Structures are given as structure tokens and as C-alpha cells.
Amino acid sequence: MDLEKLLADRLAPAFAAVAGGPVDPTVRRSACADYQSDAALALARRIGRPPREIAAEVLDRAALGDLCAAEVSGPGFINLTVADAALGVAVAELAGDPRLGVPRVADPQTVVVDYSAPNVAKEMHVGHLRSTVIGDATARLLDWRGHRVVRANHLGDWGTPFGMLIEHLLDLPEAEGADELSVGDLDSFYRAARAKFDADEDFRDRSRRRVVSLQAGDERTMRLWRLLVRRSESYFLEVYRRLDVTLTERDFQGESRYQPLLAGVVEELGRLGLLRDSDGAACVFPPGSVGRDGEPLPLIVRKRDGGYGYPATDLAALRHRTGELGATRLLYVVGLPQRRHFEMVFAVAGAAGWLPGAARPEHVGFGSVLGADGRMLRSRAGAPVKLADLLDEAVSRATELARDKNPELAPEEVAEVGRAVGIGAVKYADLSTDRNRDYVFDWDRMLSLDGNTAPYLQYAYARIRSLFRRAGVAGADGVAAGPAAVPLADPAERALVLALLGFAPVVTEVERTLEFHQLAGHLHRVATAFSAFYERCPVLRAEGPVRDGRLLLCGLTARVLRQGLDVLGIRTPERM
RNA sequence: GCGCCCGUAGCUCAGCGGAUAGAGCAGGGGACUUCUAAUCCCAAGGCCGCAGGUUCGAAUCCUGCCGGGCGCACCA
């Protein structure tokens, strides 16, 4: 039962009667009561009556029954305090719902989530962290809601650098080359190739010729290219596994797969009359984009040299996603600096008719990860921080903490907790702030057990699990066969119930906005409400209906935390 | 020059037209013979970058400034 909606439904007829037409009662959570309605204030001008008078009349007419107490407050707010009995029933119903009040969508969309997108033969670094983490949370959330989700890992697996990479691979004894690639030291492989390219004229020539063979589909070249791609992919999959990211080998949809389509894309744009030649390059000039010189900015779909850049690839991919996959929501989880690029791509796609009907492309942008100095996070040497190193450090710091704080954990448990907490902390730090902003990467803060952090939420979950182990009863695993109503005596119980009832509205909101910090913030509120409840309200020492009710609250809290964190891609260890 | 993002407590961040702007950290004071103290409770801390405007009501919307970050033709 959606309490907000229930309250709104009770108030709506009264508002309609007073206003002489339909009114949204705008019920929301309140600091001054459980819920409040602001609609009387907005209505005052429309019908020319004082807001308090409107609110009073609405309350006279509203059939609130024994659902809640209501009063007019301040300039015309209607404060709603839900009856304990109604809350107790609502929370018991929620506990009986395997989906925690969040139904599967009635009208599933096909959603393509384009995220992660590392480059073959290059190390994944912090720059890939946000796209991977935010994108994966997006895919998980939409999956859970029942949409058809296509994960698209738009791998950088094509382009001129592959000439030099393949030549470098040829220069090495094959075994050594393969070895170097598989140990995960992709950067030194790339750097060595690059260094040779910069220093050696002959190598440069060979590299350029190699690009030509690659584009021509030369068999031996393709074999080596596939070797590079496959080695890199297995390395990326290892990183995803450690990061608890759901991307698999089936989700690699690299740039190379669109190469055969690019000529057709350009040809079609030409047929539609959208193309203009500019200095020999085939361009589309979407309205509204202006460059440094004040002149219209082109989207270059074919370069002067006849090659294709990533605008062409993005257009081909988009056309494929709407045309072949039937996607109606196209999400691009890519950093904010690419904002204009996507504006232009979407504008061109729209003009070309590749966004039929309900198809909506959306750039899910995000800010940068900063170091303590407020600049882009870099290693001490000034290089981008390798994602693998970052994860190592997260796990080792968290393992250290776990060993330190809970000596009762067995060694294998320490290792498992360290992984869950370390990785969870990194992901949560990323997901718990507004993705549009840059955020400061700070180990101590993200691993703190206080505040809006993964370990705090995980700890709340672990405490509940511990409690159930001690009680020797099931409960936190799934739907509990609990009481039909939960008796609520303590304010901490009420606060917890209200927080738990707020889970569903937040999930549906985040499905729309993809602002995961809203979900994170809500889970934090649930966890703080639980911690306060846990301090004040004995569970196992209580008796009868009170004990049963509290066990139900604990079980439901655990399920909400676990489900919410699962959507964020974060584990909930049984012990900490 | 143009465009995008961002300026809220000492620090890191919430606050999506509504009441007295909220958390956490740091600093101050308390609570462990007790279901995990990795926790909880209390107090303190604010010209919401500045100036106008719209509104019954603005941190929130609009305009202009100031400050920071990023981006602006053939790299992806």
C-alpha cells in the first residue's frame, strides 16, 4: 500500500469539491507531521479564497476516517498524522510483498544502457569508474522494474592506434606478448607501442600500413586484432567481477561492429539532404551548436581523409538500437564533457528519423572524480589511477578495518567482508552524491562507519542478520509470515515504519531521474531510523505481539537495505 | 567570445516553489555487566557567491554580475 497515494486519494475529492475541479493534493513527507498537503496554498489564488479557509473546508469534507488525524497549520498546510493502527497495518502489508511495494512495470520498455566502454589494450582507470558504477546501477534498477535492458559496453576496439598495437605485438615473441597482455599490465604494452611509434620512423610506416590491412580485413591482421581484443576483454571481465558489475562477455558491443554500417549511415544522411561538405569532410550542422568562432559547429560524420570518427559510430549504434533492437529509451552513461557531442548526435538522429515514436535518447552525464587537492584524481606520479589498483587498495583497507574491528571473524570471513565493504564503499561514494557534480575521493570518509556510507548501511544489515541468527528464526530472507498488524508504541518504531514505506516512491522516482543519490540518501535514512530503533527498542527481549512486530520491522528493514543496495550493486555481508 | 556543470556550516554533501535551510565529519558534552559501541543521544555551528526580478511565499524559477571546473572542426 502506497500511503502517500492513499492519503492523496482521500483528500482529492474534498479538494475537488472546494475548488470545483480536479486538484492534485500534493501529499509529501513533512518535518512538522508525518505527511503534509500544500495544495490549499496553491489553490488560494486560483479560487480567490484565503488558504487556511480552503484547508479547513477540505478537512471538513475529507473522509479521512480513522486513517489519520489532520489539522490546518501555518499559512494553510494540512498536516497529516497517520494513526498508529493504520501504520501498523500498512507496514505489515509491505512486509508481505516480495517486491517491497515496488511492482514490475506494466508496460516494459526496451532500454539500452551504454556504459563502461574501456579501450582495448589500455588499462581501465578512474575515468571509467563512474560510467561503470552508475551505468550498472541503472541497468540493475531497470531490470528489477521489469524493463528489457540491453547492456551495451561500447568498447573502444577500433581505430588507428590498432596499427601500432598490432605491430608491437608482432615485434614481441608471441608468447611474451600474450603474457604481457594477460597479466593486466596493459598500460606498459600500450606505452611501449606508443614510444616506438613516436621514436621509430620505420615502425610508424609499418603501423600505418597495418591500419590499412586491418580495415581491409586481412586475415592475419584480423587474427592479431582479435587476440588483442580478447585478451583485453577477459581482463575487463575480471575487473567487472571484482567490482560486482553485471557486464558479461555478451555485452561487449565494440565500435568495430558498427564499421560495416558507417558508409550506409553517411549515405542515408546524404540522401536526406542533411550533409554538407566542409573542407572535404562530410558534415551535418545541427541547429543551435556554435563553435569558438561563432560559426555553426559541424558533426563530422566522415573525415576529409575518408575515415570515420566516433560521431559516425555513435550514429550507427543509435540507429541500430532504435531500428533493430527497438529501444525506446537510450541511455548514454558518459561524462559531462561529452554533453555537446551527444546533443549534436541526438539532434542529427532526430532529423534523420532514427528516433521514431517514443524513442528518447538521454545523456546520463556525470562529473569528475577529484583528489584531495580538488583536481582530477591522479596517482602520485601524475598518471591516471588504475582501476585495478584502486580496487586493491579499497579491499586491503577494508580488510584491515574488518580484522581490527571484529576479532571474532574467521580469516575467510575477514577476506569476504573486506571485499564487500571495500568495493561497496567505493561504489557508494560514487552513487551517493549528485552525479552532475564532481566529487572528492576520500578513503577515510567513504570507509567510515558513520555518515552516509556503504559500511554504515552494511553494518545495519549485519546487525539485523545477527539478531535473526540469535533468535533462531527466519525473517530477513524473504516474505515473512508475520502478524497482520504491527503494534507501534515507540516513536522510533513509527519513524522506522515511515522510512520503510518511503522506499517505493523513491525507487520509482529514481527510475525516471537516474539520480541514484536519492536512493542512497533514502537507504541512509532507513539505516539511521533503524539504528535509533535498535538502541531504544529491545527486540529479542520483548515478548508477544511486540516482539513479533519488532522482528517484522527488522526483517523488512533488512530486505529494504539489501534490495536497495543490490540495485546500487553493493553487497550485504551477513557479518561484519 | 560562446556553451555546459557547480558555488549551502571549518570540511564533505542533502535540500527537485512552501513552515524555524538539514546530515555526516572535525571540534564540545554524554551513553557500553545490555540483541555487534563499526552504534546511539545532546549542545554548538549559516548575509544559501553577489545584485535585481517573478510570486501570497525563493537556497530552489528568471536576468545580470563574481568565482571555480569542463568543453568548443576531422583524437576517441
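Protein chains get the first letters and strands the later ones, always in sequence-line order, with residue 1 at the start of each. Just so it is clear, the model here is predicted, and its values are computed rather than measured.
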Looking at every strand, decide which applies to [X] at a 4.0 Å heavy-atom threshold: base, sugar-phosphate, or nothing.
X       : answer
R536(A) : nothing
T313(A) : nothing
A462(A) : base
S30(A)  : base
H341(A) : nothing

Q. Above 12 or not: heavy atoms from other molecules or residues under 6.0 Å from CZ of R469(A)?
A. yes
Quick one: side-chain contact (heavy atoms from CB on, under 4.5 Å) partners of [X], sequence neighbours excluded?
X       : value
A492(A) : D490(A), F533(A), R536(A), C537(A)
V546(A) : A542(A), R550(A)
A39(A)  : F15(A), V23(A), T26(A), S37(A)

Under 4.0 Å between a side-chain N/O of [X] and OP1 or OP2 of [N], yes or no?
X       : N      : answer
R470(A) : U36(B) : yes
S73(A)  : A19(B) : no
H363(A) : C4(B)  : no
Y456(A) : A23(B) : no

Under 3.5 Å, is there a donor-acceptor pair linking the side chains of [X] and [Y]?
X       : Y       : result
Y115(A) : N153(A) : no
Y459(A) : R463(A) : yes
N119(A) : Y190(A) : no
S531(A) : Y456(A) : yes

Only pairs under 3.5 Å count here: list side-chain donor-acceptor contacts from residues 282-302 of chain A, not counting sequence neighbours, and write none if there are none.
unit_1  : atom_1 : unit_2  : atom_2 : d
D293(A) : OD1    : E295(A) : N      : 3.0

(Q) Heavy atoms within less than 4.0 Å of RNA chain B: which residues of residues 36-56 of chain A have one? Give them sorted by number. (A)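 Output list: Q36(A), L41(A), A42(A), R45(A).
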Q.
I need the residues from residues 415-438 of chain A with at least one non-hydrogen atom less than 4.0 Å from RNA chain B; give them sorted by number, or say none.
A.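 Heavy-atom contacts with RNA chain B come from T433(A), D434(A), N436(A), R437(A), D438(A).
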(Q) Check for me whether R29(A) meets the cation-pi criterion with Y35(A), that is, NZ or CZ under 6.0 Å from the six-membered ring centre and within 45 degrees of the ring axis. (A)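 Yes, R29(A) and Y35(A) form such a contact.
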Q. Which whole number of Å gives the distance between the C1' atom of C48(B) and that of A58(B)?
A.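 Per the computed distance, 11 Å lies between those C1' atoms.
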Q.
If the condition is salt bridge (charged side-chain N to carboxylate O under 4.0 Å, His left out), which residues does D444(A) pass it with, not counting sequence neighbours?
A.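 Here the qualifying residues are R397(A).
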Q: For E511(A), check salt bridge (charged side-chain N to carboxylate O under 4.0 Å, His left out) against everything at least two apart and list the hits.
A: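 Scan of E511(A) (salt bridge (charged side-chain N to carboxylate O under 4.0 Å, His left out), adjacent residues dropped) gives R145(A).
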Q | Aromatic plane relationship, F441(A) with W443(A) - under 30° parallel, 30 to 60° tilted, over 60° perpendicular | A | perpendicular
Q | Aromatic stack F77(A)/G18(B): centroid gap under 5.5 Å, interplanar angle under 30° | A | no
Q. If the sugar-phosphate is the primed atoms plus P, OP1 and OP2 and the base is the rest, what is the B/S/- string for nucleotides 26-32 of chain B, using protein heavy atoms under 4.0 Å?
A. -------
Q. Taking protein heavy atoms under 4.0 Å as touching, what does nucleotides 70-76 of chain B look like 5' to 3' if B marks base contact, S marks sugar-phosphate-only contact and - marks none?
A. SBBBBSB
Q. Can you give the dot-bracket line for RNA chain B, using ( ) for pairs inside the strand, [ ] for pairs that cross earlier ones, | for pairs with another strand and . for unpaired bases, where Watson-Crick and G-U count if both distances are under 3.5 Å?
A. (((((((..((((....[...))))..((((.......))))......(((((..]....))))))))))))....
Q: Establish, yes or no, whether a centroid distance under 6.0 Å links the rings of F366(A) and Y439(A).
A: no
Q: Write out all pairs satisfying salt bridge (charged side-chain N to carboxylate O under 4.0 Å, His left out) with one or both partners inside residues 401-427 of chain A, taking only residues at least two apart or from two chains.
A: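 Qualifying pairs, neighbours excluded: E400(A)-R403(A), E413(A)-R575(A).
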